[in-house]
Structure formats: structure tokens, C-alpha cells
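Okay, so here's the structure we're looking at.
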Amino acid sequence: MENTPRVFALVDCNNFYVSCERVFNPKLADKPVVVLSNNDGCAVARSNEVKALGVKMGAPWFQMQHLARQHGIIALSSNYTLYADMSQRVMTILRDFSPEVEVYSIDESFLGLQGLSSLWPSYSELGQAIRHRVGQWTGLPVCVGIAPTKTLAKLANHLAKKRPEFGGVCDLASLGEPQLAGYLACLEVGEVWGVGRRIAARLQALGIGSVQVLRATPPQVIREHFGVVMERTVSELRGISCLDLDEVTPPKQQIIASRSFGALVISQEELREAVSRYMQTAAEKLRQQGSLCSAVQVFIHTNPFRTHDRQYSNGVVVPLTQATDDSRRLVAAALWGLARIYRPGYCYKKAGVMLLDLAPASVRQASLFSQVNPRTAQLMRVLDELNAAHGRNTIHLASSGIQQRWAARFDHRTPRYTTRWDELPRVHT
DNA sequence: TCTGGGGTCCTAGGACCC
DNA sequence: TCTGGGGTCCTAGGACCC
């Protein structure tokens, strides 16, 4: 279809959550820092100093207490509001460099670069310009990988991060074949985008350990063992672009809201509060993307790590007679489902809801027996506007309770520096 | 004491139909 | 004694991602 070869860049922020915290608290520079998941449970972001200590992604915080004291690891609760805002700033800058941007996750984007080479001495210098401007305008360090396929751009980004000789930007196409083969021979297959723990182990068993060997394996052989997805990955490693940029994010097919509790929950009443709360969060997201939902799922379970406790886990799908985005109807359906699956006498650790069968609101099917009430849409709009202006959960249904004893704990939260007037950073003179 | 949350895609197998 | 074949749809589960 295209004659000019594609050029992809992957721009990825280094240790994103930790770097965001360091922007606003310079004392954290060069210190071992982790950012923890909800309830301060696991390490979800680690500074280089912490990675060097051998702390793995997702490692439980309570298990590292000894190491933390020994090395003075600083632990911070997640400050998602701050990270989301910083992410937006980075993505805005990236759009200045290329008209083709796919925001892939909160801290990384793919850019289409082909055609832009005439504006720059080389793709590497374009990458350096990106690095420099993001650093100067947001304070966040990023690395850039450049290659003819997305999968290779991911690997290039990995090299840019790990190999100092690249200076944070790696353009694979600028390497000679022997040099490239040398780098790929040093990379394990598990580093490849799409190769997880399971598949890496199976590849190992077939004698395919390095990326270089994987790249040399015929895609048909891979297909026989692993299916079409892995075949595509190997083709991409060989420089054949199979995955294009997704510049417009399609609406989500399902929306999930679930949380572990900050305290154990036994009563149905408290579970009802939590389920109601989660559903209101999910419903807001549903309206944000302009969809309606035809079925909701609700699930609860005990703490699987407490193996000596009696365990219970269950979920149920509740179909709706008419597709809706009305928080009140969605909450009612979820609570109805909860009553079906609730069993007394267990210590519950987590609950959640899922919105299923989503469809655009623009093609709403009018039901024979019920009509859409225009006042409902208006009510939901006012609800969303108030919460957007004054902070999440400013106004909510009474069923989600007031005390919310079960709410997740955040014992080390930093200020929401960029999105709350009362939490702005202060400069003392 | 203390172990995250939110997504996508693919496949296998069962139900059902003609 | 002998008991088809092919297609679709749905769901659960597995694998991956950040």
C-alpha cells in the first residue's frame, strides 16, 4: 500500500511516576524512590536506585521494609491526578513534533516520523530535540526509540534506556546489520513487546533465547507453535510493519471499576456502599466516552493471600432491559446483582463492577415500553459537571455512604501540585 | 498486620441449527 | 451391527500490555 517505508518513534518517560514526583520535590533526586499502588500495596514505579537494589515491579511494600530501612527507600502513595496531568503535558509537546501521534499509555506514545527527515539532519537529532524539549518544558526525562516497525521501536527504546552510548535516543536503522545483530543477541526474548513470561519460557524450551535467534526463526514456524499474534511479532522484528498507528482511540468495549478495601469488610451494607461508589465512577467514564451499557457485572472476593481464611469469590452479570448511562439505574442493577452473590460470614477484600455490551449513545434503540427521559440526561450532565469542577465525588448517590470506612488508604500521598489551587507548590523567599 | 487496577485480543469448546 | 458434517454464536480462560 505504502511505498515509503514507515518510521516509528516510541517516546517513553523514564520511571514515569517517580519522575513526576521528582519534578515537584527536587530532594528526591538521586534518592531511592518507589511509588506504591492503591492501599500502598505494591511498588508500581521504581527509581533507578531502587531497581539497582533488585526490587521488582509489583513487589509488595510490606515485604521490603527491611531493605527500605537499610537503604533509606522513600515510598510515596500514587498521585494519579498529578500523573495524568503531567502525561497530558508531555503528549501535547509530542504533537508539535509529528502530526501522527498514538498515545499508547500514560507514559508512552508512538509517533509516525516518515516524511519529517527533510526537516532534521537525522532521525536521531529529531529524537534528541524531543528529549530536550520535554525535559525543558516538563522536567521529565524521556528516551526515544526509532525503527521501521513498532515492535522494533520498542526494542530501540529499551536500548536507548539501557545503553549509555546512545544518549537516550536509538535509531535502529542507523546501525549496520552486524552491529544490530550484536545488540539483539544480547537481548532476551522476554524483552520483546508481546512476549511475556509464559511464551518466553516456551521459546527457551525450543532453544530460542535471544531476540537475534527469534528474529532468525521463520515466522511460519512460530505460527505453528504460538499462533498468529506471535507470527506478527516475528515479522515485525524482521522489519515488516504489521501494526500501524492507532491515532484515534476507539471507545472502550468494557469499563471496569474495582478496588481492594483499606479495611476488611463483612457486612452487605458496606459492600453496597463500595459497589455503588465504583459504579458511579464507571458510569461517569461511560458518559465521557458517549456510550450506553446493556449489561453490568458485579464481583466480590475475599483475600486470596490469607490462605488460612475461608475463601469466597463470585460474580454475576445483570442484563438491562434497556441500554442506559443513568447512574441510578446502573447502581440499582449492580446492587441487585450483589444481593444475589453476597454470602454472610466472609471477610471481603475486594469488590468491583464492569460495564459490558457498550454501544454508542447516538444509536440508542428506543424500547417499546420505556422512553428516554430528557431530564435524566440533564441530571447526569449536571452531576458530571459539578464533579469535574469541584473534584471527584463532590456529589454522589446516597447509596455509596458517607463514612466509607472501606475506602483505600493512601498514607504517603503528595500534593496534587498542578490541578488544585490549594495544593500548589510554594516557593519560600 | 500489610500483596494494584484496567484493558485487549485470541482460542477452545459447548450449544445450537440445518 | 450400524449413529454426519458443517456452520455460527457465545463464553470462559489464557496470554499479553502498562
Side-chain angles (χ1 to χ4, degrees), chain A residues 10-17 34-46 55-66 68 75 77-80 83-84 87 102-110 150-151 154 157-158 189-203 223-233 242-243 246 249-264 274 278 281-282 285-286 289 295 297 299 301-309 315-317 319 347 349-358 408-412:
Chain A
L10 178 69
V11 183
D12 191 321
C13 301
N14 306 352
N15 315 328
F16 182 57
Y17 295 175
V34 292
V35 172
L36 304 175
S37 63
N38 280 341
N39 277 316
D40 299 334
C42 304
V44 290
R46 303 153 294 155
V55 174
K56 299 285 180 236
M57 174 70 176
W61 171 234
F62 79 93
Q63 286 178 357
M64 320 176 223
Q65 292 308 306
H66 180 67
S77 302
S78 291
N79 189 342
Y80 294 116
Y83 311 148
S87 172
E102 173 189 342
V103 176
Y104 178 67
S105 75
I106 193 167
D107 72 332
E108 59 188 302
S109 272
F110 286 104
K150 283 173 138 184
T151 304
K154 275 275 203 182
N157 190 281
H158 181 83
V189 287
E191 299 294 346
V192 174
W193 192 36
V195 178
R197 250 197 7 255
R198 296 299 183 87
I199 290 178
R202 286 169 59 198
L203 284 169
R223 180 185 188 136
E224 281 161 30
H225 283 90
F226 300 94
V228 291
V229 179
M230 198 50 51
E231 180 192 24
R232 208 161 48 204
T233 295
C242 306
L243 304 167
D246 297 317
T249 33
K252 303 222 182 308
Q253 298 175 29
Q254 54 179 38
I255 293 170
I256 303 175
S258 69
R259 288 282 180 284
S260 298
F261 302 130
L264 283 183
Y278 303 160
T281 303
K285 287 186 193 170
L286 181 72
Q289 72 164 21
Q297 183 171 3
F299 63 88
H301 63 75
T302 51
N303 187 345
F305 292 105
R306 294 176 62 129
T307 45
H308 47 282
D309 282 9
V316 63
V317 175
C347 287
K349 178 62 178 169
K350 184 172 182 175
V353 298
M354 299 171 70
L355 304 182
L356 311 170
D357 288 347
L358 307 190
R409 293 188 323 265
F410 294 89
D411 294 338
H412 314 279

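Labels below follow one simple rule: chain letters A, B, ... track the order of the sequence lines, proteins then strands, and each chain is numbered from 1.
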Over how many whole Å does the gap from [X] atom [atom1] to [N] atom [atom2] extend?
| X | N | atom1 | atom2 | answer |
| --- | --- | --- | --- | --- |
| A:Met57 | B:dG4 | CE | C1' | 9 Å |
| A:Tyr80 | B:dG6 | OH | C1' | 10 Å |
| A:Asn39 | B:dT3 | CG | P | 7 Å |
| A:Ile255 | B:dG6 | CD1 | C1' | 11 Å |
| A:Arg232 | B:dC9 | CZ | P | 10 Å |
| A:Leu356 | B:dG6 | CG | P | 14 Å |
| A:Gln297 | B:dG7 | CD | P | 13 Å |
| A:Leu286 | B:dG7 | CG | P | 11 Å |

Is any side-chain N or O of [X] closer than 4.0 Å to OP1 or OP2 of [N]?
| X | N | value |
| --- | --- | --- |
| A:Asn38 | B:dG5 | yes |
| A:Lys349 | B:dT3 | yes |
| A:Ser37 | B:dT3 | no |
| A:Arg306 | B:dC2 | yes |
| A:Arg259 | B:dG6 | yes |
| A:Ser260 | B:dG5 | yes |
| A:Gln65 | B:dT1 | no |

Under the rule for side-chain hydrogen bond (donor to acceptor under 3.5 Å, both in side chains), what residues qualify as partners of [X], not counting sequence neighbours?
| X | value |
| --- | --- |
| A:Trp193 | A:Tyr104 |
| A:Asp357 | none |
| A:Glu102 | A:Lys150 |
| A:Ser260 | none |

Just call it for A:Ala257: base, sugar-phosphate, or nothing, with non-hydrogen atoms closer than 4.0 Å on any strand.
-> sugar-phosphate

Return a table of donor-acceptor pairs under 3.5 angstrom between the side chains of residues 250-259 of chain A and protein atoms on other chains or two or more places apart.
none

Convert the base pairs of DNA chain B into dot-bracket notation, remembering that pairs crossing earlier ones are written with [ ] and that bases paired across to another strand are shown as |; include only Watson-Crick or G-U pairs under 3.5 Å.
-> ....||||||||||||||

With sequence neighbours left out, what residues match A:Arg198 under salt bridge (Lys or Arg N to Asp or Glu O under 4.0 Å)?
-> none

Out of B:dG5, B:dG7, B:dT3, which nucleotide sits closest to the side chain of A:Lys252?
-> B:dG7

Candidates B:dT3, B:dG6, B:dT8 - which lies nearest the side chain of A:Phe305 | B:dT3

Not counting sequence neighbours, which residues clear side chain to side chain contact (heavy atoms under 4.5 Å, CB included) with A:Val317? List them please.
->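 Testing A:Val317 for side chain to side chain contact (heavy atoms under 4.5 Å, CB included), a comparison that skips the adjacent residues, returns A:Ala295, A:Gln297, A:Leu356.
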
Side-chain contact test, heavy atoms from C-beta onward, threshold under 4.5 Å: evaluate it for A:Glu231 versus A:Phe226 and give yes or no.
-> no

Nearest-nucleotide comparison on DNA chain B, the residue closer to the 5′ end among A:Arg409 and A:Gly227 |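 Here A:Arg409 is the residue nearer the 5' end.
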
Return the 5'-most residue of the pair A:Gln254, A:Phe226 with respect to DNA chain B, ranking by each residue's nearest nucleotide.
->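 Residue closer to the 5' terminus by nearest nucleotide: A:Gln254.
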
Could you give the distance from CZ (A:Phe299) to CE (A:Met354), rounded to the nearest 0.5 Å?
->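 CE of A:Met354 is found 7.0 Å from CZ of A:Phe299.
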
Give, for atom CG of A:Asp40 and atom CH2 of A:Trp61, the distance between the pair rounded to the nearest 0.5 Å.
-> 9.0 Å

List the protein contact pattern of nucleotides 10-18 of chain C with one symbol per nucleotide (5' to 3'): B for base contact, S for sugar-phosphate-only contact, - for none; contact means a heavy-atom distance under 4.0 Å.
-> -----SSSS

Distance between P atoms of C:dC17 and B:dT3 (Å, rounded) | 26 Å

Do the rings of A:Tyr17 and A:Tyr83 sit parallel, tilted or perpendicular, given the 30° and 60° boundaries?
-> parallel

